Protein chains: 2
Amino acid sequence: MSAVEAGPSPEAAGVVRTPRSARAHQVVAAARTVLEAEGPEALTMRRLGEELGIRAPSLYKHVPDKAAVEAALIEEVLAETGAVLYQAVSRAGPPGSRPVVEALLAAYRAQAVAHPHLYRLVTTGRLPRAALPEGLEAWSGAPFDVAVGGDEDRARALWSLAHGMAILEVDGRYPEGADLDAMWRAGAAAFGP
Amino acid sequence: MSAVEAGPSPEAAGVVRTPRSARAHQVVAAARTVLEAEGPEALTMRRLGEELGIRAPSLYKHVPDKAAVEAALIEEVLAETGAVLYQAVSRAGPPGSRPVVEALLAAYRAQAVAHPHLYRLVTTGRLPRAALPEGLEAWSGAPFDVAVGGDEDRARALWSLAHGMAILEVDGRYPEGADLDAMWRAGAAAFGP
DNA sequence: GTCTATACCCGGATAGAC
DNA sequence: GTCTATCCGGGTATAGAC
């Protein structure tokens with residue numbers, strides 16, 4: 001794992017984004033639109049072709065395969081999420097403080113709930129690391145290090161808590177009447193100093 | 001959500017398990033074997049037919065569809081996991097104590113790591129609640145209530161932390177050199193009194 | 001009541017013509 | 001760069017043999 005520090009953008013941290021042709025970019029944009037609006041079942045190559053006014057096989061001139069489209073989407077979302085989390089953390093107070101933990105969790109939850117299908121795509125199953133820019137994954141998670149004041153193990157535990165609450169909320173796993181705001185507060189309290 | 005209390009078995013808590021024909025039971029057993037050994041891509045109706053020495057279409061005389069097979073598997077695993085977690089919690093010390101939290105997390109992690117494909121099946125995506133016995137889901141999670149001494153919000157946060165750490169570990173999401181034992185300890189410390 | 005054969009639909013992907 | 005034709009694999013409905 002390369003040493004990447006939290007910051008406002010991946011590029012500022014020395015992470016090199018994957019270059020893509022204009023047409024490939026359109027494919028990825030279409031994929032994002034379809035996935036966000038209609039979910040993963042709708043994300044088919046035929047559907048992406050439709051969206052761009054061409055036949056599905058033609059897509060393969062611009063993009064290697066479906067997995068590559070998804071990887072590109074994951075790259076976009078990791079970069080955006082990392083930036084949002086960094087913003088939240090850098091405004092809330094000194095590293096390691098309770099307000100920072102609260103701000104980080106609030107921002108994390110908001111991202112997940114606002115884009116549930118994207119959130120699942122990025123966080124579920126194995127990550128296609130080979131297709132992602134070196135260092136991007138670590139950079140996007142760096143705000144958690146800031147929030148806990150540097151302890152790696154605690155940072156990973158806090159990230160795990162955030163992901164657990166986010167994915168279970170997005171997947172509708174909590175019981176009907178559960179007070180999710182109160183649960184997120186309890187989570188912040190457990191990691192607040 | 002019906003009021004279900006933690007206990008050694010779902011039946012003891014008044015949860016009624018779904019009845020199934022002997023042949024249907026064999027189908028579910030085969031599904032478990034295939035899924036555990038080879039993962040979700042291998043879990044196809046044709047493959048289950050092979051396993052039982054019949055053609056795939058014949059399976060539909062015993063089982064409504066593939067989703068029902070998965071739901072039956074989920075039911076089995078929820079019952080088993082709930083029992084294991086109850087065991088762990090009931091031996092470790094008084095409800096709400098730090099040793100109980102540690103024992104619960106250790107048992108939870110062990111279950112997930114021992115059966116990663118089953119763990120993903122049960123915890124990923126939406127739960128097919130309509131196909132599950134009333135109360136089973138709540139019963140299987142009740143040990144978390146015991147572990148935190150009754151606070152619902154804290155119990156849900158602890159469950160979320162456990163799931164977050166378990167799924168990220170099983171999915172290989174932590175960086176190469178991460179000390180996962182230390183992370184789980186940090187998680188327990190956050191929720192230990 | 002149990003199984004088989006057949007067939008349909010869908011989705012990913014390739015080959016080769018224009 | 002786009003097309004058409006085509007293959008493959010997976011879920012599953014139907015018809016009918018025994």
Side-chain angles (χ1 to χ4, degrees), chain A residues 18-75 117-118 120-122 124-128 130-131, chain B residues 18-75 117-118 120-122 124-128 130-131:
Chain A
T18 312
R20 256 181 284 277
S21 76
R23 210 84 172 99
H25 203 84
Q26 291 176 356
V27 175
V28 176
R32 183 172 190 149
T33 305
V34 170
L35 178 60
E36 285 207 70
E38 301 170 47
E41 316 80 35
L43 187 57
T44 70
M45 297 301 274
R46 283 168 171 87
R47 179 63 195 283
L48 292 183
E50 253 176 57
E51 213 72 16
L52 299 181
I54 62 181
R55 303 285 158 207
S58 304
L59 293 169
Y60 291 85
K61 299 291 180 177
H62 308 290
V63 151
D65 53 23
K66 189 184 177 183
V69 177
E70 293 180 340
L73 219 43
I74 290 173
E75 179 180 330
H117 294 302
L118 285 177
R120 285 195 202 93
L121 175 70
V122 171
T124 301
R126 301 204 161 269
L127 200 64
Chain B
T18 312
R20 257 181 283 277
S21 74
R23 212 85 172 96
H25 204 86
Q26 292 177 357
V27 175
V28 176
R32 182 172 192 151
T33 304
V34 170
L35 178 60
E36 285 206 71
E38 302 171 46
E41 317 79 37
L43 188 57
T44 71
M45 296 303 271
R46 284 168 169 89
R47 180 62 196 285
L48 292 184
E50 252 177 57
E51 213 72 16
L52 299 182
I54 64 180
R55 302 288 155 204
S58 304
L59 293 169
Y60 291 84
K61 300 293 178 179
H62 308 290
V63 150
D65 53 23
K66 188 183 177 184
V69 177
E70 293 179 341
L73 219 44
I74 291 173
E75 179 179 330
H117 294 302
L118 286 177
R120 284 194 202 94
L121 175 70
V122 171
T124 301
R126 300 203 162 271
L127 200 64

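Each chain gets a letter, A, B and so on, in the order its sequence line appears, and its residues count up from 1. Being a predicted model, the structure only gives us computed values, none of them experimental.
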Practice prompt. Would you mind reading off the distance between Lys61(A) atom NZ and dT4(D) atom P, rounded to a whole angstrom?
Written response: 14 Å
Worksheet item: What nucleotide among dA13(C), dG1(D), dG11(D) has an atom nearest to a side-chain atom of Thr44(B)?
Response: dG11(D)
Worksheet, complete the sentence: From CD of Gln26(A) across to P of dG1(D) the rounded distance in Å is 12 Å
Worksheet, complete the sentence: Atom CD1 of Ile54(A) and atom P of dT4(D) are separated, to the nearest Å, by 12 Å
Response to the item:
To the nearest angstrom, the OH-P distance between Tyr60(B) and dG16(D) comes to 21 Å
Worksheet item: Between Val63(A) and Val28(A), is any pair of side-chain heavy atoms under 4.5 Å apart?
Response: no
Worksheet item: Is any side-chain N or O of Arg46(B) under 3.5 Å from a base N or O of dG9(D), one able to act as donor and the other as acceptor?
Response: no
Fill in: Gap between atoms CD and C1', on Glu70(A) and dG11(C) respectively (whole Å)
13 Å
Worksheet item: Given dG1(C), is OP1 or OP2 found less than 4.0 Å from the side-chain N or O atoms of His62(B)?
Response: no
Discussion item. Distance criterion of 3.5 Å, no angle test: do you see the side chain of Arg23(A) paired donor-to-acceptor with the base of dG1(D)?
Written reply: no
Practice prompt. Take atom CE of Met45(B) and atom P of dC3(C), then tell me their distance rounded to the nearest Å.
Written response: 13 Å
Worksheet item: Does dT2(C) have OP1 or OP2 sitting under 4.0 Å from an N or O in the side chain of Ser58(B)?
Response: no
Discussion item. As a quick check of understanding, evaluate salt bridge (Lys or Arg N to Asp or Glu O under 4.0 Å) for Glu51(A) and Arg47(A), giving each step before the final call.
Written reply: CA-CA 6 Å; Glu51(A) 213 72 16; Arg47(A) 179 63 195 283; 3.3 Å; yes
Worksheet item: If every non-hydrogen atom of Ala42(B) is compared with every non-hydrogen atom of Val34(B), which pair is closest and at what distance?
Response: O-CG1, 3.5 Å
Worksheet item: If you look at every strand shown and take non-hydrogen atoms under 4.0 Å, does Lys66(B) touch a base, only sugar-phosphate, or nothing?
Response: sugar-phosphate
Worksheet item: Between dG12(C), dC3(C), dT6(C), which nucleotide gets closest to the side-chain atoms of Pro57(B)?
Response: dT6(C)
Fill in: Position toward the 5' end of DNA chain D (nearest nucleotide), Leu43(B) or Arg55(A)
Arg55(A)
Worksheet item: Would you say Glu70(A) and Leu43(A) make side-chain contact, with heavy atoms under 4.5 Å?
Response: yes
Fill in: Spacing between Asp65(B) atom CG and dT12(D) atom P, to the nearest angstrom
5 Å
Item to complete: Indicate yes or no: at least one non-hydrogen side-chain atom of Arg23(B) is less than 4.5 angstrom from one of Ile54(B).
Response: yes
